[in-house]
Amino acid sequence: MAKVITPRTVDYAEWYNDVVLRSGLAEYSAVRGCMIIKPLGYALWENMRAVLDQMFKETGHVNAYFPLFIPKSFLSREAQHVEGFAKECAVVTHHRLKLADDGSGVVVDPDAKLEEELIVRPTSETIIWHTYRDWIQSYRDLPLLINQWANVVRWELRTRPFLRTAEFLWQEGHTAHATRQEAIEEAERMLDVYARFAEEYMAMPVVRGIKTPSERFAGAEETYCIEALMQDGKALQAGTSHFLGQNFAKAFDVTFLDQNNQRQYVWATSWGVSTRLIGALVMTHSDDDGLVLPPRLAPVQVVIVTIPTVEEPQMSHARALAEQLQRAGLRVQVDTDPTKRAGFKFAEYELRGVPVRVAIGIRDIEAGTIEVARRDTKEKRSIPVSSAVEQIQQLLEEIQQNLLDRARRFVESNTHRVESFEEFERTIEECGGFVLAHWDGTAETEAHIKERTKATIRCIPLDSPSEPGRCIVTGKPSVRRVLFARAY
RNA sequence: CGGGGUGUAGCGCAGCCUGGUUAGCGCACCUGCUUUGGGAGCAGGGGGUCGUGUGUUCGAAUCACACCACCCCGACCA
């Protein structure tokens with residue numbers, strides 16, 4: 001038992017770290033708050049990226065790439081934006097090192113000070129809108145629908161692998177539109193893309209909603225979000241889409257001439273998801289034996305393990321089956337390594353979250369069967385090798401669906417409606433989860449609740465029906481319930 | 001940024017309080033044999049600036065001081 005994972009019931013945070021580190025998704029690096037994304041974690045990200053990229057292209061977007069560095073002066077052009085990010089910026093001040101006089105290594109060369117400091121981008125609105133000024137002259141240049149896959153740096157005080165790292169990988173869409181309405185539609189469209197991706201590929205149910213003013217992105221007029229519920233009852237913001245109004249157009253003077261030859265400021269959106277989604281995936285499906293990955297995103301969907309014996313016809317059987325599965329479009333790995341025992345491999349592939357494991361031993365070959373084990377329920381059964389491809393394909397779909405159903409049931413049974421502040425406090429403290437309650441719409445009440453319970457308004461759900469009620473704190477009238485939770 | 005913790009082999013740790021031969025254990029690694037359908041057994045072997053610096057001492061992993069790094073918990077944030 002070389003690799004033991006702390007059970008979730010003992011310490012959820014420790015369990016999370018164990019799963020991430022021991023499954024080989026990522027490890028800590030020599031740089032504080034920055035992680036090394038290992039091949040398994042990166043392959044997962046590549047799969048996510050491929051699907052999202054396709055979805056972005058289907059909705060009319062194209063990719064581009066903007067600089068990593070942003071002149072300091074750009075950041076301060078939009079007042080709220082700079083306020084939101086100033087406290088967590090990495091700053092480049094010099095461009096050269098030199099040998100230390102005492103021979104102790106290298107030091108920053110004071111003569112190589114930059115005239116204007118450069119900020120390592122925490123997000124790219126400013127440099128992109130500075131560029132859009134040149135790209136947009138006419139209504140014919142709009143809409144401008146651009147996405148960028150990049151890394152960004154936010155000097156967070158407290159970091160956790162995938163959930164919050166000082167450097168992270170993400171995509172950021174930045175679009176420009178001729179009308180307010182069109183920009184709002186874009187922001188909503190991309191939120192919908194994210195929600196569909198979360199549910200259809202990650203098998204992770206999400207609540208779509210809008211943020212309250214105090215939780216809005218720095219510089220946005222409206223922030224849309226998808227909120228997911230983790231197994232420990234805490235919420236995780238899984239993606240955001242912002243309607244930026246004309247804030248950045250005004251800050252960077254981006255205007256166009258409309259059909260009536262009138263000069264207008266451009267309307268903007270930005271939207272992003274990050275490697276945080278990998279953390280969300282872990283905390284939605286995984287268990288005390290390690291990762292559980294949804295088949296649609298799993299880097300390896302099927303692993304075929306041969307049970308070694310002296311004579312080894314298993315190998316050729318395994319390779320033949322792998323070939324058939326690959327031809328059917330599946331991602332397959334074959335493990336015929338005779339130096340590790342079967343039990344070790346079983347545990348190892350479970351730890352790494354492979355959805356379906358096939359075992360082939362001499363017994364199976366004699367019986368014309370294979371043993372198929374599914375990761376989500378740990379069930380095993382023998383099936384005839386003749387129908388292996390169809391059955392495995394079907395099983396993968398079943399697993400994908402089961403993960404979503406299971407996660408949905410979890411969210412449903414951990415979403416509570418409360419009518420009083422007392423009930424609210426008790427529910428948050430004892431059950432966690434999502435809490436739907438009436439709120440009077442003021443920042444004061446929101447802050448009060450946060451202070452008392454550490455719960456925040458995750459969003460005002462888009463699909464929430466209007467339902468007259470009274471604020472749980474002030475008793476003032478409210479027209480709909482909002483979604484509260486303690487959050488990551 | 002506040003609080004706590006930890007730095008000894010790739011990983012996990014013991015040793016430190018009470019200084020003293022060659023720094024030890026488990027896992028992993030290498031070799032051999034036996035095993036092999038749920039994390040194999042035996043035998044042998046390789047691997048160490050004891051986080052860094054300064055000090056105390058005949059002698060420091062061990063004592064003192066300073067520093068650094070990372071992790072965890074909070075406040076802030078994707």
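In what follows, chains carry the letters A, B, and so on, assigned in the order in which the sequence lines appear, proteins first and then strands, with residues in each chain numbered from 1. These numbers were taken from a predicted model, which means no experiment stands behind them.
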Nucleic acid contacts of [range], taken as heavy-atom distances under 4.0 Å to RNA chain B:
range: residues 165-176 of chain A; answer: A/T165, A/F168
range: residues 269-304 of chain A; answer: A/S274, A/R276
range: residues 69-89 of chain A; answer: A/E88
range: residues 33-49 of chain A; answer: none

The single option from A/V385, A/I383, A/V356, A/V372 that satisfies side chain to side chain contact (heavy atoms under 4.5 Å, CB included) with A/Q391 is A/I383
Does the gap between the ring centers of A/F484 and A/F424 come in under 6.0 Å? yes
Taken in chain and number order and not counting sequence neighbours, the residues that satisfy salt bridge (charged side-chain N to carboxylate O under 4.0 Å, His left out) with A/R452 are A/E425
Sorted by chain and residue number, the salt bridge (charged side-chain N to carboxylate O under 4.0 Å, His left out) partners of A/K380 (sequence neighbours excluded) come out as none
Worked verdict on A/T336 versus A/Q314 for side chain to side chain donor-acceptor pair (under 3.5 Å)
CA-CA 8 Å; A/T336 57; A/Q314 298 92 305; over 6 Å; no
Residue pair A/P161/A/E215 against RNA chain B: nearer the 5' end by closest nucleotide is A/P161
By nearest-heavy-atom nucleotide on RNA chain B, the more 5' of A/R216 and A/G361 is A/G361
By ring pair (Phe, Tyr, Trp, His ring centres under 6.0 Å), A/Y28 pairs with (sequence neighbours left out) none
Residue set satisfying ring pair (Phe, Tyr, Trp, His ring centres under 6.0 Å) with A/H81, at least two apart, ordered chain then number -> A/F85, A/F217, A/F248
For residues 350-374 of chain A, the side chain to side chain donor-acceptor pair (under 3.5 Å) pairs (sequence neighbours left out) are A/E350-A/R357, A/D364-A/T369, A/R374-A/D376, A/R374-A/T377, A/R374-A/E398
What nucleotide, of [options], holds the atom closest to the side chain of [X]?
X: A/E350; options: B/rG38, B/rG37, B/rA75; value: B/rG38
X: A/K454; options: B/rG74, B/rC76, B/rG37; value: B/rG74
X: A/Q237; options: B/rA78, B/rG37, B/rG38; value: B/rA78
X: A/R363; options: B/rG37, B/rG39, B/rC76; value: B/rG37

Spacing of the [atom1] atoms in [M] and [N] (rounded, Å):
N: B/rG47; M: B/rC25; atom1: C1'; value: 15 Å
N: B/rG37; M: B/rG41; atom1: P; value: 13 Å
N: B/rC68; M: B/rU31; atom1: C1'; value: 41 Å
N: B/rG7; M: B/rU52; atom1: C1'; value: 11 Å
N: B/rG15; M: B/rG26; atom1: C1'; value: 15 Å
N: B/rG59; M: B/rA66; atom1: P; value: 23 Å
N: B/rC50; M: B/rC72; atom1: P; value: 27 Å
N: B/rG39; M: B/rC63; atom1: C1'; value: 44 Å

Can you find an N or O donor on one side and an acceptor on the other, under 3.5 Å apart, linking the side chain of [X] with the base of [N]?
X: A/R341; N: B/rG41; value: no
X: A/R164; N: B/rC77; value: yes
X: A/Q314; N: B/rG37; value: no
X: A/K380; N: B/rG38; value: yes

Taking [atom1] in [X] as the centre, count heavy atoms belonging to other residues, nucleotides or ligands within less than 6.0 Å. Is the count above 12?
X: A/W155; atom1: CH2; value: no
X: A/E83; atom1: CD; value: no
X: A/K234; atom1: NZ; value: yes
X: A/R381; atom1: CZ; value: no

Original post:
Regarding A/W129 and A/T131, is there a side-chain donor-to-acceptor distance under 3.5 Å anywhere?
Top reply: no
Whole angstrom value for the distance that separates [atom2] of [N] from [atom1] of [X]:
X: A/E156; N: B/rA78; atom1: CD; atom2: P; result: 8 Å
X: A/R352; N: B/rG39; atom1: CZ; atom2: P; result: 20 Å
X: A/Y194; N: B/rA78; atom1: OH; atom2: P; result: 14 Å

Open item on the list: Could you check whether any side-chain N or O of A/R486 sits under 3.5 Å from a backbone N or O of A/T453, counting only pairs where one atom can act as donor and the other as acceptor?
Closed with: yes
query: Between the side chain of A/R276 and the main-chain N/O of A/Q237, is any donor-acceptor distance below 3.5 Å?
result: yes
Between the OG atom in A/S23 and the NZ atom in A/K38, the distance rounded to the nearest 0.5 Å is 9.0 Å
Does [X] have a side-chain nitrogen or oxygen under 4.0 Å from the phosphate oxygens OP1 or OP2 of [N]?
X: A/N17; N: B/rC72; value: yes
X: A/Y28; N: B/rC72; value: yes
X: A/K340; N: B/rC29; value: no

Exercise answer: donor-acceptor pairs, residues 286-297 of chain A side-chain atoms, under 3.5 Å, sequence neighbours excluded:
{"residue": "A/S286", "atom": "OG", "partner": "A/V282", "partner atom": "O", "Å": "3.3"}
{"residue": "A/S286", "atom": "OG", "partner": "A/V292", "partner atom": "N", "Å": "3.0"}
{"residue": "A/D287", "atom": "OD1", "partner": "A/D289", "partner atom": "N", "Å": "2.8"}
{"residue": "A/D287", "atom": "OD1", "partner": "A/G290", "partner atom": "N", "Å": "3.3"}
{"residue": "A/D287", "atom": "OD1", "partner": "A/R375", "partner atom": "NH2", "Å": "2.7"}
{"residue": "A/D287", "atom": "OD2", "partner": "A/R375", "partner atom": "NH1", "Å": "2.9"}
{"residue": "A/D288", "atom": "OD1", "partner": "A/R8", "partner atom": "N", "Å": "3.0"}
{"residue": "A/D288", "atom": "OD1", "partner": "A/R8", "partner atom": "NE", "Å": "2.8"}
{"residue": "A/D289", "atom": "OD2", "partner": "A/K378", "partner atom": "NZ", "Å": "2.5"}
{"residue": "A/R296", "atom": "NH1", "partner": "A/E200", "partner atom": "O", "Å": "3.0"}

Run the side-chain donor-acceptor check on residues 188-196 of chain A: report pairs under 3.5 Å with partners two or more places apart or on a different chain.
{"residue": "A/E188", "atom": "OE2", "partner": "A/Y224", "partner atom": "OH", "Å": "2.9"}
{"residue": "A/R189", "atom": "NH1", "partner": "A/E186", "partner atom": "OE1", "Å": "2.7"}
{"residue": "A/D192", "atom": "OD1", "partner": "A/R208", "partner atom": "NH1", "Å": "2.3"}
{"residue": "A/Y194", "atom": "OH", "partner": "A/Q171", "partner atom": "OE1", "Å": "2.5"}
{"residue": "A/Y194", "atom": "OH", "partner": "A/G272", "partner atom": "N", "Å": "3.0"}

Q) Using a cut-off of 4.0 Å on non-hydrogen atoms, how would the nucleic acid contact of A/A238 be classed: base, sugar-phosphate, or nothing? A) nothing
task: For A/L163, answer base if it contacts any base atom (sugar-phosphate contacts may also be present), sugar-phosphate if it contacts only those atoms, and nothing otherwise; contact means non-hydrogen atoms under 4.0 Å.
output: base
Does the distance from a Lys or Arg side-chain N to an Asp or Glu carboxylate O, for A/R22 and A/D18, drop under 4.0 Å? yes
Pairs under 3.5 Å (Watson-Crick or G-U), crossing ones as [ ], inter-strand ones as |: RNA chain B comes out as ((((((((.[[[[.)....(...]]]].((((((.....)))))).....[[[[[..)....]]]]])))))))....
